[in-house]
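Reckoned from all heavy atoms, side chains included, excluding hydrogens, waters and symmetry mates. Numbered from 1 within each chain, the chains take letters A, B, ... in sequence-line order.
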Amino acid sequence: MTPETLAEKVLSAARAAFEALGLDAAVLPAHTAVERPRDPKHGDYASNIALQSAKKAGTNPRALAEQIARNLAATDGVAKVDIAGPGFLNITLDAAAAGEIAGKIVAAGPVYGDNGSMAGHHINLEFVSANPTGPVHVGGTRWAAVGDALARVMRSSGAKVTAEYYFNDAGVQISNFAASLLASAKGEPTPENGYGGEYIGEIAQQVLQQRPDALESEDPKEVFREIGVGLMFDEIKADLGNFGTHFDVYFNEKDLHDKGELDAALARLDQQGHIFESEGAVFLRTTTFGDDKDRALKKSNGEWTYFAADCAYYLDKRDRGFDKLVLMLGADHHGYIGRMQAMSQAFGDKPGTLEILIGQMVNLLKDGQPVRMAKRYGNVITLNDIVEAIGVDAARYVLARYSSDSTIDIDIDLWTKHGNDNPVYYVQYAHSRTCGIARNAADRGVERGDGYDAALLNQPQETGLLKVLAEFPSVVATAAELREPHRIARYAEELAAAWHRFQNAGLRILPYPDEETTPVHVARLWLTDATRVVLANALGLLGVSAPERM
RNA sequence: GCCUCAGUAGCUCAGCUGGAUAGAGCACCGGACUUCUAAUCCGAUGGUCGCAGGUUCGAAUCCUGCCUGGGGCGCCA
């Protein structure tokens with residue numbers, strides 16, 4: 001029995017109890033969940049539904065719990081229901097009901113964990129969106145790992161997700177980038193507000209290779225801009241590809257300008273009555289919707305602001321039919337939330353249509369000191385620096401392992417260690433052990449048959465493992481709902497721990513070479529298969545490899 | 001000054017949409033390999049959940065104020 005099924009049974013037992021006691025069942029929640037108690041003495045699962053609903057129903061929690069327990073105890077698969085403390089229901093399942101989950105997991109395979117919690121949602125998820133004036137830096141790398149994992153988690157939860165990269169190929173930064181390339185090609189010093197670093201020189205030389213006459217052309221800076229931005233962006237895409245991060249759409253800011261979408265957005269906002277002019281500039285009255293101050297869309301010199309392009313881009317996304325736009329930004333952009341949310345509402349959208357996630361800073365440490373990567377890109381730490389330091393798997397894992405609200409210090413020594421203090425190795429090693437056992441089973445000709453006797457999985461290490469396995473779909477659903485993929489990593493570690501405990505408990509999975517295969521061996525082999533599936537699926541959601549041998 | 005994130009064991013962090021005795025890894029101490037991967041496991045030690053109030057039957061979790069640290073407050077992008 002899955003926790004979800006059990007929760008439904010708890011709820012119907014509660015409804016029946018309300019009826020029996022003549023209480024108003026309307027105070028019961030539409031859905032409830034069971035939790036896995038820390039202390040195994042508290043049974044396999046616990047429910048606090050009596051505590052939560054007793055007050056609303058104006059009754060005693062323990063009396064209510066007793067009635068619910070009586071109903072629940074009569075349910076198939078439930079072995080025992082105890083009442084503890086102020087009114088908790090402690091539920092123990094039949095061993096067979098608990099053990100059957102292994103077979104269900106094996107049957108589901110790669111789709112075990114999929115759930116419908118976000119079915120029907122069409123989500124645009126924008127992340128990284130680094131300017132093509134340089135490589136993807138640490139902050140962008142965090143989102144490359146977290147955003148990609150979140151996209152996978154949401155898809156697994158039934159949402160239709162478009163992963164999108166906004167490519168700022170217009171504006172002042174790009175102009176500075178082009179000017180820097182041009183200066184480098186001419187052997188001049190880096191201009192004010194320009195970009196330094198060896199890569200500028202390298203790209204400038206590549207532009208000259210493609211267009212030897214670039215400096216003599218009619219508009220040399222435009223030639224360097226056009227080709228240089230292309231080269232830089234190809235490099236970014238290659239780095240992201242190497243990192244395993246996939247985008248469905250690369251959106252060009254320039255297209256917004258070329259198609260006149262900024263004017264259209266301004267007109268729309270004007271129509272809604274939220275535009276005013278002041279001292280020759282055009283403003284959006286974002287203070288109407290709680291922003292600190294009103295924001296300029298058009299400067300007094302007639303140029304658009306960056307925010308104006310954001311408005312147009314927002315509208316473009318909405319017109320493409322997404323019902324929710326999720327935007328992942330670095331902590332240094334948190335001041336943008338106010339104006340962005342205000343803009344969303346100025347367009348007439350409901351609060352919650354636009355969701356902005358903020359990720360805190362990332363530091364790379366060696367011997368407790370910040371690492372300085374004074375190479376191609378000046379002092380900026382890039383995606384490739386992190387990959388070179390600890391590898392793709394460890395990089396993706398460490399970045400996705402922590403809540404986005406926490407700053408991350410990546411200790412290079414820790415994340416390159418091959419031991420259980422390195423969480424990514426710990427989880428991968430558990431997976432590779434399950435694969436090793438499957439190989440050994442095949443070598444020795446141990447057959448799985450059509451099924452197994454679920455009641456034989458009754459040792460504490462086995463029932464503990466089964467409970468962790470059963471939790472996976474709800475962990476995925478919660479990670480999607482809260483936009484917190486780090487929950488997947490923490491879960492994977494918990495599962496790996498439960499697996500290693502089972503392994504070290506002296507419970508043989510395969511028979512010794514001179515032994516007959518018994519039903520217990522077969523049941524444990526199914527449990528092993530189920531564990532392998534879930535570890536692989538969890539690592540897959542994080543975009544981390546699940547090696548078969550280590 | 002305002003906004004925002006964090007403050008939980010010696011260290012790094014989970015837990016935070018209110019529930020039972022606050023968890024994990026590392027470090028430290030003591031154990032377990034003739035046996036499917038010991039890159040592992042078991043046990044012990046270790047905490048005024050930053051501080052002070054408040055709400056509640058119940059607060060690490062919610063509210064208010066304060067303290068400490070990170071980040072941010074442009075007609076920059």
Side-chain angles (χ1 to χ4, degrees), chain A residues 35 37-39 41-42 46 48 51-52 54-55 61 84-88 90 131 133 168 170-176 193 253 278-283 292-310 330-338 358-361 363 368 401-409 411 414 417-423 425-426 428-430 432-441 443-444 446 461 478 481-482 486-487 489-490 493-494 496-497 499-513 521 524-525 528 549-550:
Chain A
E35 62 179 29
R38 289 266 174 212
D39 189 342
K41 287 200 288 278
H42 292 149
N48 61 2
L51 282 168
Q52 286 184 332
K55 193 181 176 186
F88 289 101
N90 289 340
N131 278 356
T133 55
N168 301 114
V172 177
Q173 304 272 35
I174 292 296
S175 176
N176 293 340
N193 298 323
E253 179 188 355
S278 173
E279 298 177 25
V282 179
F283 285 80
D292 298 341
K293 55 176 74 170
D294 295 319
R295 307 291 173 176
L297 292 174
K298 208 174 225 180
K299 308 178 203 173
S300 49
N301 66 6
E303 288 176 15
W304 292 107
T305 63
Y306 187 88
F307 181 53
D310 280 338
D332 52 339
H333 283 79
H334 110 270
Y336 270 64
I337 296 177
I358 295 297
Q360 299 298 318
M361 304 279 139
N363 303 305
R401 183 179 188 250
Y402 298 91
S403 156
S404 295
D405 289 339
S406 297
T407 54
I408 300 179
D409 291 328
D411 178 336
L414 170 63
K417 209 184 273 185
H418 292 200
N420 72 343
D421 13 349
N422 180 346
Y425 275 92
Y426 183 75
Q428 288 181 320
Y429 178 56
S432 74
R433 282 180 94 179
T434 63
C435 293
I437 285 164
R439 279 193 300 271
N440 293 341
D443 289 348
R444 297 199 206 157
V446 178
Q461 293 85 357
T478 304
E481 180 198 344
L482 300 179
H486 75 274
R487 288 169 185 276
R490 301 293 174 160
E493 288 165 37
E494 193 187 344
W499 164 255
H500 286 310
R501 263 197 296 280
F502 169 53
Q503 276 287 276
N504 283 52
L507 304 171
R508 288 292 307 186
I509 296 165
L510 302 177
Y512 287 105
H521 294 132
R524 288 178 182 160
L525 189 52
T528 300
R549 295 171 197 271
M550 287 174 76

Distance, rounded to the nearest Å, where E481(A) contributes CD and rU17(B) contributes C1': 8 Å
Scan every strand shown for a Watson-Crick or G-U wobble partner of [N], both distances under 3.5 Å, and answer none if you come up empty.
N       : result
rA52(B) : rU64(B)
rG10(B) : rC26(B)
rC73(B) : rG1(B)
rG47(B) : none

Select one nucleotide: of [options], the one nearest the side-chain heavy atoms of [X].
X       : options                   : result
Q360(A) : rG70(B), rC75(B), rU17(B) : rG70(B)
D421(A) : rC36(B), rG25(B), rU37(B) : rG25(B)
A296(A) : rC75(B), rU37(B), rU35(B) : rC75(B)
H334(A) : rG71(B), rU37(B), rA20(B) : rG71(B)
D332(A) : rG71(B), rC26(B), rA32(B) : rG71(B)
I509(A) : rG74(B), rC41(B), rC36(B) : rC36(B)
A281(A) : rC75(B), rC36(B), rA39(B) : rC75(B)
H500(A) : rC75(B), rC41(B), rG71(B) : rC41(B)

- request: Assign S432(A) to base, sugar-phosphate, or nothing according to its heavy-atom contacts below 4.0 angstrom with the strands shown.
  value: base
field: Euclidean distance for C1', rG7(B) against rG15(B) (whole angstrom)
entry: 15 Å
- request: Using the C1' atom on both, measure rC13(B) against rU8(B) and round to a whole Å.
  value: 9 Å
With a 4.0 Å cutoff (strictly under), does any side-chain N or O of [X] reach OP1 or OP2 of [N]?
X       : N       : value
R433(A) : rA38(B) : yes
R295(A) : rC75(B) : no
K293(A) : rG74(B) : yes
N440(A) : rU37(B) : yes
K299(A) : rC76(B) : yes

- request: Determine yes or no for a side-chain-to-main-chain donor-acceptor pair under 3.5 angstrom, with N48(A) supplying the side chain and L51(A) the backbone.
  value: no
Please list, pair by pair, any protein nitrogen or oxygen found under 3.5 Å from a nitrogen or oxygen in nucleotides 9-15 of chain B.
from	atom 1	to	atom 2	distance (Å)
rC13(B)	O2'	R490(A)	NH1	3.3
rC13(B)	O2'	R490(A)	NH2	2.6
rA14(B)	OP1	S403(A)	N	3.3
rA14(B)	OP1	S406(A)	OG	2.9
rG15(B)	OP1	H486(A)	NE2	2.9

- prompt: Can R524(A) be said to sit on top of F502(A)'s aromatic six-ring, NZ or CZ under 6.0 Å from centre and within 45° of the ring axis?
  reply: no
message: Minimum heavy-atom separation for A489(A) and R401(A), please, with both atom names.
response: CB-CA, 3.9 Å
message: According to a cutoff of under 5.5 Å between the ring centres and under 30° between the ring planes, does Y426(A) stack with the base of rA39(B)?
response: no
query: Can you list the steps and then say if Y425(A) with H418(A) is a ring pair (Phe, Tyr, Trp, His ring centres under 6.0 Å)?
result: CA-CA 6 Å; Y425(A) 275 92; H418(A) 292 200; 4.3 Å; yes
